[in-house]
Amino acid sequence: MNVNRRHLLTGSIGATAVALTASACASEDGGGDGDAKKVGIAMPTKTSERWILDGDNLKASFEDEGYEVTLQYANDEVDTQVSQIETMVSQGHDFLVIAAINNEALNGVLAQAKEQDTTVISYDRLILGTEDVDYYASFDNQQVGVLQGGYIVTALDLENAAGPFNIELFAGSLDDNNTKYFFGGAMEQLQPYIDEGKLVVVSGQTEMEQVATERWDGALAQSRMDDILSTHYGSKKVDAVLSPFDGISRGVIASLESAGYTLEDLPVVTGQDAEVESLQYIIDGRQTSTVFKDTRDLAAVTVDMVVAVANGDKPEVNDTETYDNGVKVVPAMLLEPVSVDITNYQEVVVDSGYVDASKLEQ
Ligand code: GAL
């Protein structure tokens, strides 16, 4: 995919230049009203590193284009996010870029946004149940799950090994539309082996609702894993854990380690987001894999969408079928996720400049 990567994270020099050029740019960027266009960015939480990177990349990229940017985080509180967006609407933002905390909580505030012709982009997570969302910028979420489940299939060599192997399953937050894609994609890979008896979910917890993790909270995952180990395992060993997100992976690993697992016998544990802490776990042999989603590219396609709309053009999309939000199919631009483990993290995540090598101890 030909993503036009902008100069991202240009820091204070970029910001100062923007302050000087914003109003001069306004007529060129399609504003036509003499003022810089305003973009409001609503991110869910700062507790996960990925959203900090997303917010920083978006802000820097929009400012490079001469936009005025409001960036807010809502501490994973639904009401806080709704009121932050309400404020952005009342301040007359022309564009909203939203990574929703609860995908069904925004109908009211988005209706207000539409009344004043604001363009709404659903960022990474699809907003459900409303006509008032214009575009979706994300990754191929089903493929994220396929990579996670497929990683376990390959790591345990399920095609050839006799097994049986013990596995536990974790899913993300049920109020995040991505959860069902991640879990669905992974189970598409794992279910045949569960049916065959080669993979055994010892806890018996296989339904998405049973294995979900509210707000993707690692501490909740840790305590669920504690319960599973103490109730179901006895002298049995866990061979693999399907985890949809690095924060959950680290919670699961903390549980396993406090139950006595060591580098010698920790199971295969998947993840997502290539967070620095989890990359370090991968280098140290504690977490097995993650799924890298380049948030620089996601920011770039989001900015491209906004610039296109501002210029009166149609943004480029590559999927007009998959993401039905219950009211409409939202046109989407989907990027490709990449599976990362000890064999390719250097090339994919470090050499590409996503993570600075100095943050990782070899
Ligand atoms: C999902 C997102 C994942 C992960 C997770 C927890 O919506 O697609 O990449 O970040 O939230 O934050």
Side-chain angles (χ1 to χ4, degrees), residues 45 47-48 76 145 148-149 151-158 161-176 179-180 182-184 186-187 189-273 275 277-291 341:
T45 176
T47 56
S48 154
D76 257 345
Q148 291 165 338
Y151 194 92
I152 292 174
V153 171
T154 308
L156 297 179
D157 192 18
L158 289 179
F165 297 99
N166 298 330
I167 186 169
E168 294 302 329
L169 310 171
F170 284 74
S173 199
L174 292 175
D175 54 9
D176 181 338
T179 292
K180 65 169 189 272
F182 300 155
F183 192 66
M187 291 310 279
Q189 300 293 306
L190 299 174
Q191 194 66 53
Y193 297 101
I194 295 175
D195 293 344
E196 202 186 312
K198 240 186 210 184
L199 276 181
V200 181
V201 184
V202 175
S203 68
Q205 297 169 15
T206 53
E207 296 303 316
M208 188 170 75
E209 289 68 20
Q210 292 177 299
V211 307
T213 314
E214 196 180 6
R215 298 284 128 73
W216 304 87
D217 184 349
L220 276 181
Q222 181 172 349
S223 70
R224 179 168 164 255
M225 192 71 197
D226 286 347
D227 285 349
I228 289 174
L229 291 174
S230 62
T231 312
H232 301 280
Y233 273 79
S235 61
K236 289 187 185 137
K237 283 283 181 190
V238 187
D239 298 302
V241 178
L242 171 70
S243 163
F245 162 57
D246 287 346
I248 291 177
S249 316
R250 295 193 298 272
V252 166
I253 292 164
S255 169
L256 289 160
E257 289 181 339
S258 68
Y261 284 76
T262 65
L263 288 183
E264 305 308 313
D265 61 357
L266 273 169
V268 175
V269 181
T270 61
Q272 176 175 201
D273 285 348
E275 295 200 327
E277 218 180 323
S278 281
L279 290 170
Q280 188 65 54
Y281 273 41
I282 289 175
I283 292 168
D284 296 344
R286 297 163 76 197
Q287 184 174 324
T288 323
S289 68
T290 185
V291 173
D341 67 3

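Numbers here simply count residues along the sequence, with the first being 1. Hydrogens, waters and symmetry mates are skipped; everything else that's a heavy atom, side chains included, is used.
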Measuring from Ser203:OG to Ile167:CD1, what's the distance to the nearest 0.5 Å? 10.0 Å

Intermediate values then yes/no, side chain to side chain contact (heavy atoms under 4.5 Å, CB included), Arg224 and Val211: CA-CA 9 Å; Arg224 179 168 164 255; Val211 307; 3.4 Å; yes

Can you tell if the side chain of Ser48 reaches within under 4.5 Å of the side chain of Phe245, non-hydrogen atoms only? yes

Who passes salt bridge (Lys or Arg N to Asp or Glu O under 4.0 Å) against Lys237, sequence neighbours left out? Asp265

Residues which pass side chain to side chain contact (heavy atoms under 4.5 Å, CB included) with Asp175, listed by chain and number, not counting sequence neighbours: Asn102, Ser173, Arg215

Step by step, would you call Glu257 with Ile253 a side chain to side chain contact (heavy atoms under 4.5 Å, CB included)? CA-CA 6 Å; Glu257 289 181 339; Ile253 292 164; 3.7 Å; yes

Please report the shortest heavy-atom distance between Pro244 and Gly172, naming the atom on each side. CG-N, 3.7 Å

Between Thr288 and Thr270, is there a donor-acceptor pair closer than 3.5 Å when you use the side chain of the first and the backbone of the second? no

Measuring only between side-chain heavy atoms, which start at C-beta, is Tyr261 closer than 4.5 Å to Pro267? yes

Separation between CG (Leu242) and CD1 (Ile248), nearest 0.5 Å, reads 9.5 Å

Nearest heavy-atom pair of Gly285 and Leu266: which atoms, and what distance? O-CD1, 4.4 Å

Going from CG on Asp284 to CG on Leu263, what distance comes out if it is rounded to the nearest 0.5 angstrom? 7.5 Å

One pair to check against side chain to side chain contact (heavy atoms under 4.5 Å, CB included): Leu220 and Glu214. What are the steps and the verdict? CA-CA 8 Å; Leu220 276 181; Glu214 196 180 6; 4.0 Å; yes

As an exercise, state the distance from CH2 of Trp216 to OG1 of Thr47, rounded to the nearest 0.5 Å. 12.5 Å

State, to 0.1 Å, how close Pro192 and Met187 come at their nearest heavy-atom pair, and which atoms those are. CD-O, 4.2 Å

With Leu199, the side chain to side chain contact (heavy atoms under 4.5 Å, CB included) member among Leu190, Asp239, Val153, Leu169: Leu190

With sequence neighbours left out, what residues match Gln222 under side chain to side chain contact (heavy atoms under 4.5 Å, CB included)? Asp226, Ala254, Ser255

Distance (rounded to the nearest 0.5 Å) between Thr290 OG1 and Asp273 CG: 6.5 Å

Just verifying a value: how many Å separate His232 NE2 and Glu168 CD, rounded to the nearest 0.5 Å? 7.5 Å

Any donor-acceptor pair under 3.5 Å linking the side chain of Asp246 with the backbone of Gln272? yes

Heavy atoms of Gln287 and Ser249 approach each other most closely as OE1-CB, 3.5 Å

Side chain to side chain contact (heavy atoms under 4.5 Å, CB included) between Val238 and Ile228, intermediate numbers included: CA-CA 10 Å; Val238 187; Ile228 289 174; over 6 Å; no

Considering non-hydrogen atoms only, spot the tightest contact between Lys180 and Met208 and give its length. CA-SD, 3.7 Å

Looking at Asn166 and Tyr233, what are the two nearest heavy atoms and their distance? CB-OH, 3.9 Å

Are the side chains of Leu229 and Met225 in touch, meaning some heavy atoms are under 4.5 Å apart? yes

